[in-house]
Amino acid sequence: MLYVAFVLLILGWSYTAVVTKIALNYIGPFEFTLWRVLVGFLFLFLITAFMKKLEKPKSIKWAFLLGLFQNALPVVFYNLALVYSSAGKVTVLGYIMPFWTILLERLILKTKLEKIKYIPISLSFIGLILIMQPWYFRASVFGYLFAILYGVSWGIGNVVSVIIWEKYPHWDVFSLTFWQMVFVVLVVILFNVLIPYQRTVVLNSYLIFAILYTGIIATAFAWFLWIFLLKKLPASIVGLSSLAIPVFAMIESYIQLHEKFSLTDLIGSFFIILSLLIIYIYSLHKKTQSQNFAS
């Protein structure tokens, strides 16, 4: 049952890129983002209320910062990236997030950057350059830049999360998730007001499906599965999703969207996924060593 949930999480998040890419043919990126977060917020509210976890936020400031950087900005940049670039490449570039997190932890939290981490960081940077191919300027470059901003903002959100758990270790996860989603909705509404995207909405069955899928499956249900799995399985196993999601996203976009990947794209993607694998194995090895030392 646990591993069924694990597979559902991977498929749910990886297929989001394909669903969103198609949906953006019928609606602007900011409007789609708004509908996605509204549906996600509604379901998170129902889950939090059902579990009787609704409580006053321990810090409005930190709930806002978490909502801004871990959800609002990543989803906005993600959808903008899909306007200009392919679903597979956007997902791969976005999942460089762990390395932005490492660098941002070094800058903000002053954590020590171990020498071995320079290897995966260098590999991911090479992969980034190979996929972007900045020597060829084209419209898709904007998509790549938004995908990078998606990963960077997500990385900042991870650092904010670390700070929150240090300051408020007893803040209930469901309560924190609910309050940061309140601010996500407000920020996305502000984006829609300040930056109106000129596109006529074509309401059809697929757009309705896409809004429900991204709102319920990719937002509310996926985060619920993530929290559930972290309670039942080691974090090292759950972390494998960061390796599997970009791979599945590329396969799904190739099958359904008929996206073409050049040899350079594939080599760049390989470097990025290899770098994720290295950091995952190193983290697992380090955790095993610390557990053996403790015992």
Side-chain angles (χ1 to χ4, degrees), residues 5 9 13 36-78 94 97-114 149-191 215 218-239 241-242 279 283 286-287 290-291 294:
L9 177 67
W13 267 343
R36 171 179 174 172
V37 299
L38 281 173
V39 172
F41 168 76
L42 175 62
F43 273 80
L44 279 173
F45 170 75
L46 293 175
I47 292 171
T48 308
F50 176 76
M51 299 187 70
K52 298 180 180 179
K53 298 291 185 179
L54 284 176
E55 59 183 39
K56 184 179 178 181
K58 297 186 183 298
S59 171
I60 292 177
K61 180 183 79 172
W62 288 107
F64 166 74
L65 289 174
L66 185 65
L68 177 66
F69 289 109
Q70 197 165 59
N71 266 300
L73 290 180
V75 174
V76 169
F77 289 138
Y78 178 76
M97 170 274 297
F99 304 102
W100 297 123
T101 303
I102 291 171
L103 294 175
L104 289 164
E105 283 181 334
R106 177 73 181 90
L107 291 172
I108 299 172
L109 302 180
K110 307 300 180 185
T111 57
K112 183 180 178 181
L113 183 59
E114 296 155 297
L149 288 173
Y150 155 54
V152 171
S153 55
W154 191 0
I156 296 173
N158 290 339
V159 174
V160 170
S161 182
V162 170
I163 295 172
I164 287 174
W165 293 125
E166 288 178 351
K167 288 179 174 287
Y168 308 99
H170 302 297
W171 197 342
D172 183 79
V173 174
F174 283 96
S175 174
L176 175 59
T177 304
F178 168 75
W179 283 109
Q180 60 99 16
M181 276 301 295
V182 171
F183 292 111
V184 169
V185 172
L186 294 176
V187 170
V188 173
I189 289 174
L190 186 63
F191 264 99
T219 304
F221 184 62
W223 279 110
F224 177 79
L225 280 179
W226 179 263
I227 294 168
F228 171 76
L229 288 169
L230 283 175
K231 287 186 175 182
K232 301 293 183 179
L233 294 173
S236 57
I237 294 177
V238 182
S241 64
S242 65
I279 201 68
S283 300
K286 189 176 179 181
K287 184 177 181 181
S290 63
Q291 287 175 341

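Reckoned from all heavy atoms, side chains included, excluding hydrogens, waters and symmetry mates. Just so you know, these numbers come straight off a predicted model, no measurement behind them.
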Taking everything shown except Trp100 itself, do over 12 heavy atoms lie less than 6.0 Å from its CH2?
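Open: at most 12 neighbouring heavy atoms sit under 6.0 Å from CH2 of Trp100.
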Taking the six-membered ring for Trp, is the centroid-to-centroid distance between Trp179 and Phe183 below 6.0 Å?
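Ring centres of Phe183 and Trp179 not closer than 6.0 Å.
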Give, for atom [atom1] of [X] and atom [atom2] of [Y], the distance between the pair rounded to the nearest 0.5 Å.
X: Leu66; Y: Ile156; atom1: CG; atom2: CD1; answer: 12.0 Å
X: Phe50; Y: Phe174; atom1: CZ; atom2: CZ; answer: 11.0 Å
X: Arg36; Y: Tyr78; atom1: CZ; atom2: OH; answer: 7.0 Å
X: Trp171; Y: Lys58; atom1: CH2; atom2: NZ; answer: 8.0 Å
X: Leu186; Y: Phe64; atom1: CG; atom2: CZ; answer: 9.0 Å
X: Phe41; Y: Leu46; atom1: CZ; atom2: CG; answer: 9.5 Å

Might you point out which heavy atoms bring Glu55 and Ser175 nearest each other, and give the distance in Å?
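Between these two residues, the closest heavy atoms are CG-OG, 3.1 Å.
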Minimal non-hydrogen separation, Phe77 against Ser153, with atom names
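Scanning both residues completely, I find the closest heavy atoms to be CD1-OG, 3.9 Å.
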Student check: side-chain heavy atoms of [X] and [Y] closer than 4.5 Å:
X: Ile47; Y: Phe221; value: no
X: Trp165; Y: Leu176; value: yes
X: Leu54; Y: Phe45; value: yes

May I ask you to decide if [Y]'s main-chain N or O and [X]'s side chain share a donor-acceptor pair within less than 3.5 Å?
X: Ser161; Y: Gly157; value: no
X: Trp13; Y: Ala218; value: yes
X: Gln70; Y: Gly67; value: no

Out of Val188, Val185, Val184, which one pairs with Leu38 under the side-chain contact (heavy atoms from CB on, under 4.5 Å) rule?
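Only one option passes, and that is Val185.
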Checking side-chain contact (heavy atoms from CB on, under 4.5 Å) between Val187 and each of Asn71, Val75, Val37, Leu68, which is the one that passes?
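Only one option passes, and that is Leu68.
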Residue list, side-chain contact (heavy atoms from CB on, under 4.5 Å) with Val159, at least two apart or on another chain:
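Val159: side-chain contact (heavy atoms from CB on, under 4.5 Å) contacts with Leu104, Glu105, Ile108, Leu109, Ile163.
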